[in-house]
S.K.: 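Take this structure first; my questions come after.
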Amino acid sequence: MWFKNLREDVKAAKRNDPAARNAFEILLTYSGVHALSWHRVAYFFHKIKLKLIARMISQMARFFTGIEIHPAAKIEGGVFIDHGSGVVIGETAEVHKGTVIYQGVTLGGTGKERGKRHPTIMEDVILSAGAKVLGGFTVGKGAKIGAGAVVLKEVPPYATVVGIPGRIVRIRTPENEDKIHEGIIAVEALNAEIHAEELAQREEEAKRKAQIAEEQRSDKKE
């Protein structure tokens, strides 16, 4: 299984990086491939409850590659981490084959969740440089996350997300180009829903601040 996943990782690197000349060069010089190989060793030890050894291996891999992957993270073969420096993948994250991860990407949590608190990345997703995907939701197949985007909500398949916080700007429909209009309508509906949630949160925060101010005034009068 380890060798099978390594072969898939090398193929993914060759498929996604125009600078990759051959498999031998990839095996020797690609830090993303090295980090994934070390992670699978760490994952094995974590699975058999030797968690300290697993953590030591993951920290050693971080030292040599600049890529930090928790030993419990589930990563399929055929994932490509390009450049890799600063990539962080959390404990309950899941990454499916065909995913491309660029430098500075974080698959993390918000600090407010228990259990499944890191994202699930489905097949053929592109996570551009500096993207932050935070929370225990799913990023759908074929989605693209723009550079520097901060994604806090579920992303549908074939969507393109940009900005802080992340907003859907497009949903591709590669199977049927006639449905592009439906994709645009879906984008507008999703963004309207996100906007409404943000307004509701702001109103709630304003009410909370007003209540605190009123309580402070009452205390001063007393």
S.K.: Please say yes or no: joined through hydrophobic side-chain contacts below 4.5 Å, possibly via intermediate residues, are Ile57 and Leu50 part of one cluster?
M.R.: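 Yes, same cluster.
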S.K.: Side-chain contact, heavy-atom cut-off 4.5 Å: Lys141 with His96?
M.R.: no
S.K.: Drop me the distance from Ile126's CD1 to Thr160's OG1, to the nearest 0.5 angstrom.
M.R.: 9.0 Å
S.K.: Checking side-chain contact (heavy atoms from CB on, under 4.5 Å) for the pair Val10/Arg7: CA distance, chi angles, key distance, verdict?
M.R.: CA-CA 5 Å; Val10 170; Arg7 284 196 296 270; 5.8 Å; no
S.K.: If you look at every heavy atom in Gly90 and Ala73, which pair is closest and at what distance?
M.R.: O-CB, 3.4 Å
S.K.: Within this structure, what is the NZ-CZ distance for the pair Lys116 and Phe137, rounded to the nearest 0.5 Å?
M.R.: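 Going from NZ on Lys116 over to CZ on Phe137, the span is 10.0 Å.
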S.K.: Please report the C-alpha distance between Met60 and Trp38 in whole Å, then the side-chain angles of each, then the deciding distance to 0.1 Å, and finally whether the side-chain contact (heavy atoms from CB on, under 4.5 Å) criterion is met.
M.R.: CA-CA 9 Å; Met60 184 172 65; Trp38 279 110; 3.6 Å; yes
S.K.: Starting from the C-alpha separation in whole Å, work towards a yes-or-no answer on side-chain contact (heavy atoms from CB on, under 4.5 Å) for Asp124 and Thr99.
M.R.: CA-CA 5 Å; Asp124 304 320; Thr99 296; over 6 Å; no
S.K.: For Ala13 versus Val33, what's the shortest heavy-atom pair and its separation?
M.R.: CB-CG2, 4.4 Å
S.K.: Hydrophobic clustering (ILVMFWY, side-chain heavy atoms < 4.5 Å, transitive) - are Val105 and Val151 grouped together?
M.R.: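 Linked within one cluster.
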S.K.: Hey, any chance Phe63 and Met56 share a hydrophobic cluster, counting ILVMFWY side chains that come within less than 4.5 Å of each other, even indirectly?
M.R.: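 They do not share one cluster, since no chain of ILVMFWY contacts under 4.5 Å joins Phe63 to Met56.
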S.K.: Taking all heavy atoms of Val100 and all of Tyr102, pick out the closest pair and write down the distance.
M.R.: CG1-CE1, 3.6 Å
S.K.: If only atom types and distance count, is the side chain of Thr65 paired as donor or acceptor with the main-chain N or O of Ala61 below 3.5 Å?
M.R.: yes
S.K.: Do Phe64 and Leu6 share a hydrophobic cluster, counting only Ile, Leu, Val, Met, Phe, Trp and Tyr and linking them when any side-chain heavy atoms are less than 4.5 Å apart?
M.R.: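 Yes.
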S.K.: Any idea which heavy atoms bring Ile26 and Ala20 closest together, and the distance?
M.R.: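 Minimum heavy-atom separation between Ile26 and Ala20: CD1-CB, 3.8 Å.
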S.K.: Measuring from atom CD1 of Ile81 to atom CG of Asn16, what distance do you get when rounded to the nearest 0.5 angstrom?
M.R.: 12.0 Å
S.K.: Do NZ/NE/NH1/NH2 and the carboxylate oxygens of Arg40 and Asp9 come within less than 4.0 Å?
M.R.: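 Counted as a salt bridge, because a side-chain N and a carboxylate O are separated by less than 4.0 Å.
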S.K.: What distance do Ile121 atom CD1 and Ile89 atom CD1 have between them, rounded to the nearest 0.5 Å?
M.R.: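 With rounding to 0.5 Å, CD1 (Ile121) is 9.0 Å from CD1 (Ile89).
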S.K.: Step by step, would you call Leu127 with Val133 a side-chain contact (heavy atoms from CB on, under 4.5 Å)?
M.R.: CA-CA 9 Å; Leu127 301 168; Val133 186; 4.1 Å; yes
S.K.: Shortest non-hydrogen contact from Ala54 to Ala42?
M.R.: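 Closest approach of Ala54 to Ala42: CB-O, 3.3 Å.
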S.K.: Taking NZ in Lys144 as the centre, count heavy atoms belonging to other residues, nucleotides or ligands within less than 6.0 Å. Is the count above 12?
M.R.: no
S.K.: Would you say the side-chain atoms of Lys153 pair up with the backbone N or O of Arg167, donor to acceptor, closer than 3.5 Å?
M.R.: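 Between the backbone of Arg167 and the side chain of Lys153 there is no qualifying donor-acceptor contact (under 3.5 Å).
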S.K.: With side chain to side chain donor-acceptor pair (under 3.5 Å) as the test, pick out the partner of His70 among His118, Arg55, His39.
M.R.: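 Of His118, Arg55, His39, side chain to side chain donor-acceptor pair (under 3.5 Å) with His70 is met by Arg55 alone.
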S.K.: Short question: side chain of Glu76, backbone of Lys97 - any donor-acceptor pair under 3.5 Å?
M.R.: yes
S.K.: Counting N and O atoms only, with roles assigned by atom type, does the side chain of Thr106 sit under 3.5 Å from a partner on the main chain of Val88, one being a donor and the other an acceptor?
M.R.: no
S.K.: Where do Lys132 and Gly104 come nearest, in terms of heavy atoms and distance?
M.R.: NZ-O, 2.8 Å
S.K.: Please check if Phe24 and Phe3 belong to a single hydrophobic cluster, counting links between Ile, Leu, Val, Met, Phe, Trp and Tyr side chain heavy atoms closer than 4.5 Å.
M.R.: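 No; Phe3 is not reachable from Phe24 via cluster members.
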S.K.: Could you state the interatomic distance from OG1 (Thr120) to CD (Glu154), rounded to the nearest 0.5 Å?
M.R.: 9.0 Å
S.K.: Can you see whether Asp82 engages Tyr30 through a side-chain donor-acceptor pair at a distance of less than 3.5 angstrom?
M.R.: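 No, no side-chain donor-acceptor pair sits under 3.5 Å.
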S.K.: Would you call Glu68-Arg62 a salt bridge at under 4.0 Å N-O?
M.R.: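 A salt bridge links Glu68 with Arg62.
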S.K.: Atom OG of Ser31 and atom CG of Leu36: how far apart are they, to the nearest 0.5 Å?
M.R.: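 Output value for this atom pair is 9.5 Å.
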